[in-house]
Every structure is written in structure tokens, then in C-alpha cells.
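To keep things clear, I will list the structure first and then write my remarks on it.
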Amino acid sequence: MSASLDKTLPKAYDPTAIEDRWAEYWVSEQLFDVSWKDAGAPFTILLPPPNVTGRLHMGHMLNQTEMDILTRWRRMCGHRALWVPGTDHAGIATQMMVERQLAEEKKTRQELGREAFIDRVWQWKQHYGGAILDQMKRLGASVDWSREYFTMDDDLSIAVKEAFVRLHEQGLIYRGAYIVNWCPRCQTAISDLEVVHEEQQGKLWEIRYEVVEDPGTYLTIATTRPETMLGDVAVAVHPDDERYRHLHGKRLRLPLVGREIPVVADAWVSPEFGTGAVKVTPAHDPNDFAIGQRHGLASINVMDETAHMNEAAGAYAGLDRYVARKRIVEELEAQGALVAVKDHVNSVGKCDRCKTVVEPRLSTQWFLKIQPLADKAIAAVEQGYIRFTPEQYRKTYDEWMRNIHDWCISRQLWWGHRIPAWHCRTCGQITVARDTPSVCSHCKSAEITQETDVLDTWFSSGLLPFTVFGWPRNPRDLETFYPTQLLVTGFDILFFWVARMIMFGCWFMSEVPMPDGSERTLKEAVPFREVYIHALVRDADRQKMSKTKGNVIDPIDIVKRYGTDAVRFTLAAMASPGTDIAFSEARTEGYRAFANKIWNAARFIFMNLERAAEAGIVVDPNSLETAPLSDTLEARWIASRLNTTAAEINRALGEYRFHEAANLVYQFFWGDFCDWYLEMVKLRLDFNDGVDQASLRAAIALLLHTFEAALRLLSPFMPFLTEELWHAFYDGKPPLKSIALTRYPQAVQVDTAVEGQMAQLQELIVNIRAARKDLGVEEKAAVPIRIRTDEQMQQFFTDATQMIERLARVSSVEFSVDALAGSGLRSTTHFDVQVIYEKQIDPAAERERLTKELARMEKEQANAERQLANESFLSKAPAQVVDGLRKRAAELVLLLEKTRRALDDLGGR
RNA sequence: GGGCGGUUAGCUCAGUUGGUUAGAGCGCCUGCCUUACAAGCAGGAUGUCGGGGGUUCGAGUCCCUCACUGCCCA
């Protein structure tokens with residue numbers, strides 16, 4: 001791969017011209033593939049597998065940007081960085097997608113049959129399934145593509161089967177008839193997590209049931225779902241509720257149906273709700289089911305799997321549940337059984353996938369007894385083996401884990417991991433096995449058929465941290481890469497995925513011995529050591545992006561317009577832990593400008609390299625280590641700034657403070673490097689005859705050295721631009737295949753003295769510039785200045801005269817021992833400076849400025865004096881704080897005096 | 001109903017354990033095509049830190065309370 005650059009770059013940076021090329025290069029060169037044999041401390045991270053049905057959205061891009069920054073950074077810090085990509089088969093979503101496609105052909109999956117349908121899904125997957133990962137390649141994610149997986153791959157399917165069988169052997173998987181959340185549209189059971197609750201304006205119907213023993217007397221119940229009364233088997237009241245004590249044990253006649261049902265006393269009933277009496281329908285409500293269990297009641301299911309009334313509903317059979325409700329209410333009213341209808345806000349559960357109202361339904365399902373797994377998962381976090389950032393999620397996790405319910409893992413779908421259980425037609429027993437059995441393990445009958453249910457998709461994704469490394473068969477990768485170091489994900493799948501991985505990881509990996517054969521502790525069984533949870537990407541108005549609102553920002557679209565690096569940088573700079581990101585194009589525009597700035601800094605450097613070559617000075621970028629480096633003020637300063645910045649970025653990234661890291665590198669590159677260092681270095685780049693070639697060479701060497709290091713510093717954030725410039729820097733003959741394989745800058749040496757000096761020089765220059773503006777000096781005119789300062793500072797400024805002259809457009813510098821007076825004067829604690837310029841512009845404006853300044857300082861002084869007069873402050877505050885304030889107060893006295901005098905000189909107040 | 005956040009410049013947000021003058025980007029105003037960059041350079045304006053109370057020598061930061069607002073769980 002040759003960087004298409006000669007030393008003359010186009011004037012403006014055009015990301016589209018280079019990004020595709022590098023994206024392909026990184027993949028084809030397999031730069032980020034990692035083997036267990038490689039060296040370095042492992043940094044392993046798993047991509048949260050996107051759905052095969054998905055398209056890349058801003059959330060993915062944020063997630064991937066953060067992971068890529070961390071992975072590139074760790075890799076450059078010498079870690080063996082492995083980022084594993086893959087895709088999730090997404091049971092319901094994918095099946096829905098293909099069914100929709102079939103519907104367009106006027107076909108159903110039932111017509112096709114299970115096998116043909118699954119073939120069809122695979123075809124669909126081959127066609128459309130790779131979308132997000134392809135987009136990821138284009139965005140330059142530094143993942144190991146050789147390890148790409150799909151959750152329905154053979155080896156992963158074997159692992160899923162193994163996990164199921166083991167849990168079954170351990171007695172943790174059971175099958176039984178319980179109330180589950182049933183989606184009448186998807187026609188499958190779904191887990192608690194897949195139900196979203198919504199507040200809704202509904203009604204509370206009060207219906208009277210006649211007491212059988214005392215005809216003519218009634219008990220009035222309250223219900224939000226009158227249609228289920230057809231399946232009532234009892235009415236429950238609170239045992240202590242005096243109103244109904246006389247009815248305990250009595251029987252009631254169910255209206256419309258005529259069935260006699262008992263009154264039971266159950267403490268679950270809330271006397272305050274409705275009338276304090278509730279109907280009990282065990283087949284259609286989880287609480288009623290529990291009551292039914294406690295009181296030994298039967299269950300009458302009055303609906304089918306599509307939420308239409310069934311034969312048990314008698315005259316109402318065949319009606320949709322809501323039609324039946326209307327009909328039943330009407331008839332109750334006609335019979336005079338309807339006592340009241342009240343408005344009532346209730347919470348309705350809907351299917352997360354299709355938003356159909358979920359029907360609690362009694363059905364036979366497979367469950368995972370979760371408590372033993374949850375116990376380990378709680379311990380792992382409690383003992384600090386897994387750390388959450390931001391920390392508050394630890395509490396959320398804990399709360400959920402401690403109130404966990406058994407997990408319904410079966411789904412009535414065709415697309416997914418089919419449960420490895422076989423039903424025997426002869427003895428009715430179930431055989432659970434790793435390999436397809438030929439006979440029933442109980443009665444040896446050959447009359448067996450496999451369970452038709454598949455497993456919840458999250459069951460298989462929960463196993464990924466170890467199954468992607470070859471569990472249970474191939475120990476080598478597992479030994480090397482497990483546990484992974486980090487998980488980066490959104491809070492929306494904290495329970496779905498993160499919690500399940502922790503439970504499964506702690507459970508299954510505890511059984512896998514350590515590489516040295518010793519027993520694995522919980523600390524080593526966890527799937528990852530850290531979890532970083534990022535926020536939501538919203539639109540610029542802080543609105544959640546949604547298709548219905550039409551405010552979805554397509555990352556690819558933005559990338560096309562501003563370049564991948566600018567979009568990545570935007571996300572990173574806004575990714576403050578725990579805060580949602582209001583994605584703003586204005587920011588992206590700003591960071592595109594940043595990329596352009598760097599591009600032009602490179603142009604400047606390359607141009608000067610050529611000028612140098614023409615002047616006979618050749619500096620080889622490949623032998624900078626041995627080149628003598630400049631020792632001038634700006635050289636020592638920029639070297640120190642680079643080191644300081646590197647140290648701060650390393651710290652920030654270690655704490656997932658992406659916004660800090662991004663701002664630091666931005667500030668360094670634009671502020672320190674371009675605004676100051678490059679401007680100062682221009683002084684040295686004098687190619688006329690008679691200049692000191694050695695110092696010129698040294699200046700260029702340091703310039704190149706610093707620029708190259710700055711590119712490395714920026715590389716994890718802007719991989720494309722830095723890759724391009726880095727290759728150009730080495731004129732297409734780089735020492736390594738990619739900047740991504742170089743080392744990240746570390747803080748070797750920080751020179752606080754030179755940073756302090758430079759700060760003074762900068763303050764002087766800025767003050768001169770400001771004074772010039774006040775006086776209305778034309779931009780181009782060079783003017784004389786006068787400085788009053790102490791001896792040491794005078795020496796320093798004298799040495800820096802050239803810089804002052806160039807950066808502040810000064811014609812001459814004069815030092816004064818006497819106090820300065822007149823216009824164009826600026827005072828700081830360390831020096832006073834005056835711009836000598838005849839043309840007095842606006843004394844009124846100057847007076848206003850000084851008056852404001854004076855007021856500010858007076859206020860601050862009053863504050864300081866008050867504190868310093870305070871005995872308790874002096875005795876209780878730490879010495880350095882008191883000293884600091886004393887020093888500041890002294891400074892203020894001086895500054896105030898200077899400012900007052902300046903005001904007087906202007907003609908008083 | 002239970003829990004967790006948020007409220008700081010016109011906008012979007014930083015502000016680690018309380019400590020001297022509350023910051024950034026964008027936007028805004030003024031002047032500059034100063035030979036790397038007008039996607040630029042230089043200078044400038046802008047805050048009762050949501051209200052109230054408390055703790056403290058000292059509060060944007062800790063506690064209480066109210067208001068508004070977002071999210072999670074049931």
C-alpha cells in the first residue's frame with residue numbers, strides 16, 4: 001500500500017479521498033488479528049453483537065467509537081489487544097423479517113414447513129445479515145476479523161447445547177405449566193424483560209356476584225379485565241377485611257356462566273383497591289395463578305394462542321379478547337350485574353418487539369432456576385471482581401439481581417437454537433441429550449420426537465464470553481483470553497445481556513480449571529473485569545431518536561459529509577460518562593475543521609522540509625532517534641507539553657473519560673502545537689545563507705519528532721487522518737505497516753519550569769495584542785513596546801525578543817525601571833507592558849474597561865480581606881490555602897494600585 | 001408505588017476528594033485573505049451555578065426541602 005502522497009498535499013483535507021482506502025487496507029492486511037501466541041498483556045473486548053436484522057445507528061457508532069479508541073490505545077500501549085466481532089441471530093426479529101418477506105409472496109411459514117423456512121432464513125442472512133459488520137469495516141474498527149462469529153454457527157450451537165444439557169443435569173432447568181408473558185402476535189412466550197409496561201387510561205368495572213347461600217345478596221368485585229371472568233374460579237378478599245369476613249367459605253354464582261365459585265381469603269388482596277374483592281382467574285393472571293396455587297384451585301383457560309376466546313368461553317368462543325370484553329360488559333349491564341364503571345389508570349404490558357398487548361397465559365414452558373446463578377453473580381460484583389463505570393449501575397444491577405425470577409427460556413419460534421430434548425410417545429418422559437438420541441433414555445422406545453421450542457436468543461448470547469473462545473472444546477484461546485478485560489455497552493441491555501453473561505460466566509467458567517491446573521476462583525470466572533456503560537445518543541434537541549419521530553440521524557450519512565474521524569471525534573468529545581449525548585452537527589463541523597487544521601499543519605511541515613532540502617539540509621524522518629534535537633525555549637516547551645498531555649490522556653482513557661481525552665488532544669494539537677509552537681518555529685525556519693545549519697537541522701528534527709508523536713497521540717481518535725499523514729511523513733516508506741502498530745506517547749519528562757516561563761511569555765504576547773486592539777493599531781503595523789518587570793523576567797523577555805516581535809508584531813522592546821503611565825498599558829502580577837502608539841482612540845472605552853476590571857478586583861479583594869481577617873479561617877484552613885490567599889491579596893493590592901493610576905492618567909473618574 | 005439521574009453562558013455540555021479569579025466547543029460582536037489552514041488568524045462580550053433552608057472558616061460541589069424534568073423497575 002503506498003500512500004498516494006507526494007509532499008504537496010491538497011489545500012483542504014478531503015476525508016472521502018482516503019478513508020475507503022485505509023479501511024480496506026486495515027482489513028486486508030489483517031493488522032488487528034491476534035493469536036494466543038502473541039506477546040503482551042491481554043486486552044480483550046467483545047463487541048456487543050448487533051442483530052442480523054439491524055442497520056448501523058448512532059448508538060452503534062458511539063459504542064464502536066469508544067471501543068475502538070480504547071482498543072487502539074491499549075494496543076499502542078503494548079497490550080495484546082483483541083476485539084472480537086460477531087452477529088446475533090435475533091430469534092423473533094429475524095423470524096418476523098422473513099415472515100414479512102413471505103407474506104409479500106402470499107405465503108406463510110406454516111405452508112413452507114419448518115425446515116424450508118429455516119433454509120429461507122439462512123438465505124436471508126447471507127443476503128442482508130452482514131450489514132452492520134460491513135459498515136463497521138468502513139468505519140475502521142480495529143477488530144480481529146478472523147474471529148468473526150454468528151451465534152447460530154455450528155461450534156457456537158454445540159456450546160449452547162452443552163450449556164443447556166449441563167444445566168439440566170444440574171437440576172436447574174425444569175419444564176412446567178406456568179403463567180408466562182405471551183405475545184398473541186408473535187405467538188410465543190417472552191421473558192419478563194421483553195415486556196414493556198405502559199401507563200394507560202383504562203376502566204375499572206365493578207360487577208356483583210350473587211351469594212349462593214344467601215340469594216339476593218351480592219359481593220361486588222372490581223376488575224380491569226372483565227372478559228377473563230369466564231375463567232374465574234374464585235373471588236378473593238383480604239382475610240382481615242371486616243366487610244367480607246362473613247363471606248369466607250361461602251359460594252358465589254358467576255354471572256353469565258352460572259358456575260359456583262368459592263370466596264377465598266388471601267393476604268395478597270389489597271382492601272384499598274377497588275371494592276377490596278377481586279376475581280381469581282389463574283389461567284390469565286400471574287397473581288391469580290399464585291392465589292390458585294395457594295388455595296388448590298383449578299385453572300380455566302378461556303383464550304387461544306391468538307388471544308381469541310376458545311371453546312371454554314362458550315357463547316363467546318371465536319371472539320377477539322377486546323370484542324368479547326365489550327360484549328360481556330353489555331350483557332352484564334343488561335342483567336343488572338354491572339354496578340359501576342370507573343376511570344382507572346393501569347399499566348399494560350406490551351411485547352417489546354411488536355407492541356402487541358401481552359396476554360398472561362398458562363402454558364408449558366422451559367425455565368431456568370436462576371437463584372444459584374444469581375448468587376454467584378451478586379458475589380462477583382460485591383467482591384469487586386467486576387467494576388461498573390459509572391458506578392451507579394452497580395446498584396441497578398444489584399437491585400435487579402436480588403429480585404430475580406426464574407427465566408422462561410423457551411420460545412415458540414422456528415429460528416433459533418432448538419432445545420435438545422426429546423419427548424417419548426411411549427412413556428411420555430423427556431430425554432435431554434448432547435447428541436440426537438435414537439431411543440428414549442427411560443423406556444428405550446424409538447418413538448421420540450424433538451422438542452419444537454427454541455431457546456431465548458439471550459440464552460446463547462449470555463454464553464459468548466467463553467463460547468467465542470472455544471468452550472467447551474478448545475482450551476487454548478480460552479486460557480489466554482478469558483476473562484475479557486472490558487465490556488462497553490448501553491444500559492438498555494444491562495439485564496438482557498450483561499447480567500446474563502455474568503451469571504453464565506461465573507457459573508460455567510468456575511468449572512474450567514486455570515491453565516496451571518488449579519481450581520478457578522470466582523475472580524477468574526467472571527466474563528469481564530470492567531463494564532463501561534455509555535449513554536444514549538439523542539438528536540440536537542435532546543429528543544430520543546426514533547423512526548416514528550423521523551429524527552433519526554444516519555451515521556453513515558454524517559460520515560459521508562464530514563468524514564469518519566470528525567464524527568468519531570464528536571462522539572468521543574461529547575461522551576462524558578453518565579450523560580446522554582445530544583448529537584450536534586455543529587460540533588462535527590468543528591471537528592472537521594480540526595482535521596483540516598492538522599492536515600494543514602502537515603502541509604506546512606512538508607513544505608518546509610522541501611525548502612530545507614533545497615537549501616541542502618536533509619533530515620531523514622527514519623533516523624530521528626539519532627538526530628540532535630533543538631534545545632530552544634519553544635522546543636523544550638512543546639516537548640514538555642506533549643509529555644504532560646500524554647500523561648493526562650492516558651489517565652483520562654484509563655477512567656473512560658473520553659471527553660477529557662478528546663479535549664486534551666484537541667487543545668494540544670490546535671492550541672499548543674499549531675497556535676504557539678509552529679508560529680515560534682517559523683522564526684527558526686530561515687533558509688537564507690549564513691544561518692547556523694546545525695541548529696536549523698536540530699529545529700527541523702524536533703519539529704518532525706514532535707509532529708510524529710502528536711499524530712500517534714491523536715491516532716486512536718482519528719485513525720484515518722493520522723494513518724494518511726503518518727505514511728506521508730515517512731514518504732510511503734514507514735517503519736511499520738500502520739501507525740496503529742506504533743507506541744503511544746508516554747510522559748517521559750515534564751519540565752514545569754519551562755511551562756511556567758512559556759506561560760509568562762504567552763501572557764505578555766496576548767496582553768500586547770489586546771493593547772494594540774484597544775489603541776486601534778492596524779493589524780500589520782509593528783509598534784514599539786515598553787516593559788516593566790523584575791530582573792529575572794527582564795532577562796527572559798530579552799532572550800525572547802525575537803518571538804515577542806514576531807508573534808505580537810512589535811518593532812522594538814524597551815525596559816523601564818520607572819512606573820509606566822499613559823494609554824496602551826496592561827498590567828499583570830509579573831509585569832506591566834505598554835504599547836507605544838500615538839493615535840489615541842477611545843479613552844471612554846478604555847475607562848470603561850478599566851473601571852470594570854477595578855470593580856472585579858475590588859470585589860475579590862474585599863472577599864480575600866474578609867477571609868484573612870477571619871480567625872477560624874486562619875486556624876482551620878490548610879496552610880497552603882491560607883498562603884495562597886495571602887499571596888493573591890498582595891498581588892491584588894499591586895494590581896489595584898496600577899489600575900487606579902491608569903484610570904487617573906486617563907483623566908480621572 | 002419503589003429506585004436512580006439531571007437542572008451551570010444564547011445552545012450543547014465539563015467542573016474528580018468542599019479551597020484563591022466557575023471552564024470548553026458552537027453561536028454572537030469587532031478587525032484581518034499576516035504565504036500551512038477564511039474549515040483560518042487576532043481580540044472581545046456573556047453566568048443571581050433551578051428556588052429556599054442548613055452544615056462549614058469556606059458550598060456549583062455535602063445534607064434537607066420544594067419545583068421542573070428524564071430514565072429504570074413493579
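Chain letters run A, B, ... following the sequence lines, proteins first, then strands; residues in each count from 1. Computation of the quantities below employed the complete heavy-atom set of this structure, encompassing side-chain atoms and omitting hydrogens, waters and symmetry-equivalent molecules.
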Distance, rounded to the nearest Å, where [X] contributes [atom1] and [N] contributes [atom2]:
X	N	atom1	atom2	answer
A:F594	B:C41	CZ	P	12 Å
A:L685	B:U35	CG	C1'	13 Å
A:E763	B:U21	CD	P	17 Å

Could you tell me whether A:K342 atom NZ has more than 12 heavy atoms of other residues or ligands within 6.0 Å of it?
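Counting other residues, nucleotides and ligands, NZ of A:K342 stays at 12 neighbours or fewer.
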Should we say atom NE2 of A:H659 is surrounded by more than 12 heavy atoms from elsewhere, each under 6.0 Å from it?
yes
Could you measure between the two [atom1] atoms, the one in [N] and the one in [M], and give it in whole Å?
N	M	atom1	answer
B:G19	B:U35	P	46 Å
B:G51	B:U12	C1'	24 Å
B:G5	B:C41	C1'	42 Å
B:G52	B:U8	P	15 Å
B:G15	B:G54	C1'	24 Å
B:C73	B:C28	C1'	45 Å
B:G53	B:A14	P	28 Å
B:A38	B:C33	P	13 Å

NA contact type, [X], heavy-atom cut-off 4.0 Å: base, sugar-phosphate, or nothing?
X	result
A:Y13	base
A:E391	nothing
A:D675	sugar-phosphate
A:A770	sugar-phosphate

Search all heavy atoms of A:A572 against all heavy atoms of A:F717 and return the closest pair with its distance.
CB-CD2, 4.5 Å
Just N and O in the side chain of [X]: are any of them under 4.0 Å from OP1 or OP2 of [N]?
X	N	value
A:R769	B:G43	yes
A:R657	B:G15	yes
A:W676	B:C41	no

Tell me whether the guanidinium CZ or amine NZ of A:K682 lies under 6.0 angstrom from the six-membered ring centre of A:F604 and within 45° of its axis.
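Judged by the rule (NZ or CZ under 6.0 Å from the ring centre, within 45° of its axis), A:K682 counts as positioned above A:F604.
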A:R641 charged N/C atom sitting above A:W676 aromatic ring, 6.0 Å / 45°:
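Relative to the ring axis of A:W676, which defines the angle, A:R641 lies outside at least one limit.
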Distance-only donor-acceptor test (3.5 Å): side chain [X], base [N]:
X	N	value
A:E660	B:A24	no
A:K773	B:A42	yes
A:K597	B:C37	yes

Quick check: on RNA chain B, is the nucleotide nearest A:F491 upstream (toward 5') of the one nearest A:R592, or the reverse? Name the residue that is more 5'.
A:R592
Both distances below 3.5 Å, Watson-Crick or wobble geometry, any strand: find the nucleotide opposite B:G43.
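Across all strands, the one nucleotide that pairs with B:G43 is B:C29.
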Residue matched to B:G23 through Watson-Crick or wobble contacts both under 3.5 angstrom:
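Paired with B:G23, as far as the under-3.5 Å criterion goes, is B:C13.
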Validation row, ring centre A:F658 to ring centre A:Y532 under 6.0 Å:
yes
